[in-house]
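Accompanying notes for the structure given below.
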Number of protein chains: 2
Amino acid sequence: MSGAATREQIVEAADRLFYQRGYEHTSFADIAAAVGLSRGNFYYHFKSKDTILDAVIESRLAGTRHMLQQWENEQPTPGGRILAFVEIVLTNGADIQQYGCPVGTLNTELAKLDHSMRGQARGLFTLFRDWLREQFTLLGRAEQADELAMHVLAFSQGVAVLSHAFRDEEFVRREVGRMRDWLSTYGK
Amino acid sequence: MSGAATREQIVEAADRLFYQRGYEHTSFADIAAAVGLSRGNFYYHFKSKDTILDAVIESRLAGTRHMLQQWENEQPTPGGRILAFVEIVLTNGADIQQYGCPVGTLNTELAKLDHSMRGQARGLFTLFRDWLREQFTLLGRAEQADELAMHVLAFSQGVAVLSHAFRDEEFVRREVGRMRDWLSTYGK
DNA sequence: GTCTATATATTGATAGAC
DNA sequence: GTCTATCAATATATAGAC
């Protein structure tokens with residue numbers, strides 16, 4: 001197998017396992033087994049666990065940028081785009097119920113571990129924050145844009161944590177409904 | 001030292017370490033060192049890590065019940081009591097910035113580990129949920145009481161996650177202000 | 001109740017053959 | 001690029017002396 005393809009498979013498997021089991025709870029052996037590699041060969045591709053985490057975060061950043069771009073293409077209005085973000089707790093509802101928000105849980109884990117990659121993980125939040133701020137600015141709320149962006153982020157994190165803890169889809173639907181009503185007062 | 005006192009010290013140290021570093025990232029050696037015990041002696045008091053976690057959760061449940069009772073004594077109105085809960089993200093602001101919400105982060109970690117004590121940890125959320133529901137019922141909102149309780153819980157978790165990630169106290173103040181305004185529409 | 005010594009498994013990581 | 005064999009450190013946990 002070519003080096004690049006193997007590397008990609010490793011990042012993919014690590015990404016999934018870090019999300020489902022958490023970073024610290026995932027061992028090299030787990031990732032190697034998922035890809036079908038021996039532990040020894042692993043170090044040819046990544047020399048440390050931190051390096052894999054770095055690659056996983058980079059991959060998630062790229063994936064997030066792609067998703068935000070897609071929302072911009074699909075949704076002509078900034079209000080529609082913000083709503084697309086809000087509804088992600090339903091779109092990815094099953095995963096969030098089982099594993100929480102991939103951004104929130106990674107940030108929480110790395111912050112608690114005081115991990116060196118903590119800042120990189122926060123960049124995932126910042127990506128959403130900046131994008132939301134841009135949409136609120138387009139809605140003519142430039143002055144409060146960052147505050148509103150953080151409010152929407154807080155909504156998604158609160159819903160994700162409780163959805164993960166209680167596994168209650170009706171609760172998620174209700175909260176999305178509340179947020180939709182709140183958003184409608186800010187125009188399309 | 002008497003057995004009961006040592007046990008209490010262990011639970012206290014474990015509680016603090018589980019909160020600050022996370023459950024999985026805390027070892028027996030860490031707890032033993034914090035209490036000043038040898039690892040060997042440790043197993044006289046607790047036969048497994050799960051047993052300590054169980055004791056820690058029980059201790060937190062008792063502490064939470066005590067805090068809720070205190071709020072009931074100090075705050076004559078249900079609105080004032082709910083506000084006391086909402087403001088906990090400011091009252092415990094420094095800890096939440098550094099370590100997140102003790103209830104939320106423990107629930108998230110145990111859910112991701114698929115840990116057997118996951119249900120017990122969720123009981124901490126349920127305690128707040130039931131208490132908040134009671135307060136909203138007293139406000140004459142019996143029919144929506146649970147929905148409103150979950151909404152307030154989601155607020156606190158969303159704020160805690162982002163406060164932990166961004167360490168921004170102004171954000172917390174703004175969100176508490178928003179919630180205070182929202183609460184005021186439900187009476188005292 | 002507390003200690004030292006130890007068993008056993010798993011971790012992240014390396015060396016060297018193929 | 002992949003493997004087996006191995007290392008050193010750490011983890012949970014036990015045995016037995018004091």
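Residue numbering restarts at 1 for every chain, and letters A, B, ... go by the order of the sequence lines. A quick note: this is a predicted structure, and the numbers were derived from the prediction, not measured.
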Taking the ring of B:Phe85 and the ring of B:Phe128, is the distance between their centroids below 6.0 Å? yes
A:Tyr44 side chain N/O closer than 4.0 Å to the phosphate oxygens (OP1, OP2) of D:dG1? yes
Check the phosphate of C:dA5 against B:Ser38, side-chain N and O only, distance under 4.0 Å to OP1 or OP2. Yes or no? no
Would the distance check show the side chain of B:Tyr19 and the main-chain N or O of B:Ala14 forming a donor-acceptor pair, the cut-off being under 3.5 Å? no
For the pair B:Arg178 and B:Asp181, evaluate salt bridge (charged side-chain N to carboxylate O under 4.0 Å, His left out) and give the outcome as yes or no after the intermediate values. CA-CA 5 Å; B:Arg178 275 183 191 281; B:Asp181 291 345; over 6 Å; no
Nucleotide N/O of nucleotides 7-9 of chain D paired with protein N/O under 3.5 Å:
none

A:Phe42 CZ - D:dT4 P separation (whole Å): 15 Å
Sugar-phosphate atoms are those with a prime plus P, OP1 and OP2; base atoms are the rest. Using that split, label each nucleotide of nucleotides 11-18 of chain D B, S or - for protein heavy atoms under 4.0 Å, 5' to 3'. SSBB----
Can the positive tip of B:Arg129 be found less than 6.0 Å from the middle of the six-membered ring of A:Phe166, inside 45° of the ring normal? yes
Quick check: do B:Phe18 and B:Ile31 have side-chain heavy atoms less than 4.5 Å from each other? yes
Provide, to the nearest angstrom, the distance between the CD1 atom belonging to A:Ile10 and the P atom belonging to C:dG12. 14 Å
B:Gln9 CD to C:dG1 P, in whole Å, measures 13 Å
Is A:Lys49 positioned over the aromatic face of A:Tyr23, cation under 6.0 angstrom from the ring centre and no more than 45 degrees off axis? yes
Checking A:Tyr186, A:Trp182, A:Phe136 against A:His151 for ring pair (Phe, Tyr, Trp, His ring centres under 6.0 Å), the one that qualifies is A:Trp182
Verdict with reasoning, B:Phe28 to B:Tyr43, per ring-ring contact (aromatic ring centres under 6.0 Å, His included): CA-CA 10 Å; B:Phe28 272 38; B:Tyr43 289 82; 5.0 Å; yes
